Amino acid sequence: MYKEENLDKKIIDENRQGEVFYEVDKENKKEGKKIYIESYGCQMNFNDSEIVAAIMREEGYSTTKNIEDADLVFVNTCSIRDKAEQTVLRRLTEFKSLKKQNKNLKVGVLGCMAERLKEEFLENEVVDLVVGPDAYRSLPELVDWAKHGNKGINVHLSKEETYDDISPVRLDDNGISAFISITRGCNNMCSFCVVPYTRGRERSRNAFSIVAEAADVFDKGYREVTLLGQNVDSYLWENPETGEKVSFAKLLEMVAMVNPLLRVRFATSHPKDMTDEVIYTMAAHDNICKYIHLPVQSGNSRILELMNRTYTREWYIDRINKIYEIIPDIAISSDVIAGFCTETEEDHQDTLSIMKYANYSMSYMFYYSERPRTVAQRKYKDDIPLEVKKRRLNEIIRLQNQISYNHNKNDIGKVFEVLIEGNSKKSDKEFKGRNSQNKVIIFPKKDGLNKGDYVFVKVNDANSATLRGEITDQNVTTQVGCF
Ligand code: SAH
Ligand code: SF4
Ligand code: F3S
């Protein structure tokens, strides 16, 4: 059943992945066991932690926010940049003292770093389990194994696994916004990116299970779902019974139809796959939020080619033009990488100028971090000195702050439909919510309103990160909301 390399390691046979092939010791399945899950990386990884929590709940584990109470600690890791990995490695050393206090405590490393480093992690004295993103169904078995004093690993990547039958246990959420994964993996092979190696081939989840999950969270009181994938636009699911194909545009529509009071968001869109059909579908449904995260990475066509992004500056600008033409009140955000291999000052200027052109409401900005095994690592020299990368990144950040500030200032006087998410961080006399464009708005409370309600808010102040406003009646001139 397993390939056992030595007695204290268990490696699950790759071919058995996904099948029910092991009866977990039912005697051990007593209630009251606690699991602490710490997550790093993207929203998909956080959503995976919710799937893991659901799998472990079946084994009698409930989640705890207090690590000292835990019988089991899972660290769901990210490999996207070296910094992300260093943070996890430091964190693992902190678990040493916890294990000294609680001899029965077991520690599992999950997620992208588990997939990337595989057996290497088992050398780490703190780590009992190493489980990759497609192998979470084997967690109960591996945990059981670890409880008997062994180390276990399963890093098999699957071509089919979508966990579509598992209803995630929502962790750390506000009860209003839920995340639903619609694809796993990525087929794009951007030359800088580790994700295809840690997450495997792209696969799309059954459309009906996605719609059912959206309907279920709506019934539970959630009012917003975000459909997640590394490249949502390439979602394509074929109904095995009818042969009918469901594209991303179609899926968006199906989820939007669940209820007009359910807001629909999605991330991430890839510029090469962002179709007009998706833009028109967004425009046609008030509850599909008017916000697109469309990472540009670089504004220079030569660098984009080296990055293997498969679009040019001109193509990207055409997408931006089309989006603003069809949905003028939309907000667009981006990811930007500074100092990719061979990037010149002129190339860097192209990135700055495309950021201005696109008028991003916000961006996630990074300097290039070389990742093992990627095409860039194998073929190109990481030749931009760190100080130059950092200086360019600072210029990018400074510019984005300015653009965001102007973007937000431009909202002063406008009225937006806002979904209330809860109290603002600073005061329980204020609510925090978001408009359709994904901007956070803070405003004084009014009696009778609760989180999950929609209100109209008139913006009267703004900085580069947040809008402030007050609740107003609907009869105001410029209404740029979701409904
Ligand atoms: N699938 C998404 C992004 C996933 S990773 C997309 O294609 O847009 C999130 C972001 O991390 C990327 O958009 C990129 O900007 C950044 N990133 C990825 N690899 C990186 C690396 N090696 N160095 C620096 N930033 C990186
Ligand atoms: Fe990475 Fe590119 Fe895939 Fe995004 S699209 S996850 S950047 S390979
Ligand atoms: Fe990180 Fe893996 Fe997500 S590398 S960004 S956790 S897909």
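All figures in this text were calculated on a predicted structure; none of them were measured in a lab. Note that ligands are numbered from 1 as they come in the structure, with each ligand's atoms numbered from 1 the same way.
Excluding water, every protein N/O/S atom under 2.8 Å from atom 3 (Fe) of ligand 3 is given here by residue and atom: C42 SG.
Contacts between V195 and ligand 2 below 4.0 angstrom, taking non-hydrogen atoms only, involve the side chain exclusively. Contacts between F192 and ligand 1 below 4.0 angstrom, taking non-hydrogen atoms only, involve backbone and side chain alike. Residue contacts with ligand 1, taken as heavy atom pairs separated by less than 4.0 Å, do not involve N188 at all. The residue K389 has no part lying near ligand 1, judged by heavy-atom distances below 4.0 Å. Looking at Q297 against ligand 1, only its side chain comes within 4.0 Å, counting heavy atoms. The part of P295 lying near ligand 1 is the side chain, judged by heavy-atom distances below 4.0 Å. In Q230, the parts holding a heavy atom less than 4.0 Å from any atom of ligand 1 are both the side chain and the backbone.
Because the distance cut-off is set at 2.8 Å, H270 fails to qualify as a neighbour of atom 3 (Fe) of ligand 2, as none of its N, O or S atoms comes that close.
Taking atom 1 (Fe) of ligand 2 as the reference point, the nearest protein heavy-atom neighbour is C193 SG, 2.3 Å. For atom 5 (S) of ligand 2, the closest non-hydrogen atom of the protein is N188 ND2, 3.3 Å. Remark: minimum distance from atom 5 (S) of ligand 1 to any protein heavy atom is reached at I80 CD1, 3.5 Å. R309 NH1, 3.2 Å is the protein heavy atom nearest to atom 7 (O) of ligand 1. Ranking protein heavy atoms by distance to atom 24 (C) of ligand 1, first place goes to Y367 O, 3.4 Å. Scanning the protein for heavy atoms near atom 13 (O) of ligand 1, the closest one is D335 OD2, 2.6 Å. Closest to atom 2 (Fe) of ligand 2 among all protein heavy atoms lies C190 SG, 2.3 Å. Of the protein's non-hydrogen atoms, C186 SG, 2.3 Å is the one closest to atom 3 (Fe) of ligand 2. Among protein heavy atoms, the minimum distance from atom 21 (C) of ligand 1 is reached at S369 O, 3.5 Å.
The residues K389 and D382 are annotated as salt-bridged, a charged nitrogen and a carboxylate oxygen being separated by less than 4.0 angstrom. Ion pair R319/E325 not flagged as a salt bridge, since none of the NZ, NE, NH1 or NH2 atoms sits closer than 4.0 Å to an Asp/Glu carboxylate oxygen. Comment: E94 does not engage R90 in a salt bridge, judged by the lack of any side-chain N to carboxylate O separation of less than 4.0 angstrom.
More than 12 heavy atoms of other shown residues, nucleotides or ligands fall within 6.0 angstrom of atom CD in Q349. More than 12 heavy atoms of other residues, nucleotides or ligands shown are found within 6.0 angstrom of NZ on K118.
Between E244 and W237, every side-chain heavy-atom pair lies at or beyond the 4.5 Å cut-off. Residues Q230 and M44 form a side-chain contact, since some pair of their non-hydrogen atoms from C-beta on lies under 4.5 Å apart.
No donor-acceptor distance shorter than 3.5 angstrom exists from the side chain of N308 to the backbone of T310, with no hydrogens or angles considered. At distances below 3.5 Å, not a single donor-acceptor pair connects side-chain atoms of E346 with backbone N or O atoms of H348. One N or O on the side chain of T77 and one on the backbone of M113 form a donor-acceptor pair closer than 3.5 Å.
At least one heavy atom of I337 sits closer than 4.0 Å to an atom of ligand 1. Ligand 1 has no atom lying under 4.0 Å from any heavy atom of Y364. Heavy atoms of M44 stay at 4.0 angstrom or farther from ligand 1. In this structure, T268 counts as a contact residue of ligand 1, since one of its heavy atoms falls inside 4.0 Å of the ligand.
Shown are T312, V296, I354; of these, the side-chain contact (heavy atoms from CB on, under 4.5 Å) with I317 is made only by I354.
For Y222 and D173, the side-chain atoms include at least one donor-acceptor pair closer than 3.5 Å.
No N or O atom of N231 sits closer than 3.5 Å to an N or O atom of ligand 1.
Under the 6.0 Å distance and 45° angle rule, R223 counts as a cation-pi partner of F218. Judged by the 6.0 Å distance and 45° axis criteria, R116 is not positioned over the aromatic ring of Y197.
Numbered from 1 in the order shown, with element, the atoms of ligand 2 that lie under 4.0 Å from a heavy atom of P196 read 8 (S). Taking every heavy atom of R81 and a limit of under 4.0 angstrom, the matching atoms of ligand 1 come to 11 (O), 16 (C), 17 (N), 23 (N), 24 (C), 25 (N), 26 (C).
Of the candidates E202, R309, Q230, R309 brings a heavy atom nearest to atom 7 (S) of ligand 2.
The CG atom of L105 sits 8.0 Å away from atom CG of D128, with the distance rounded to the nearest 0.5 Å. Atom CD in E253 sits 7.5 Å away from atom CD1 in I288 (nearest 0.5 Å).
Ring pair Y311/Y316 is tilted by interplanar angle, where 30° to 60° counts as tilted.
In terms of heavy-atom proximity, V131 sits nearest to A114 at O-CB, 3.6 Å.
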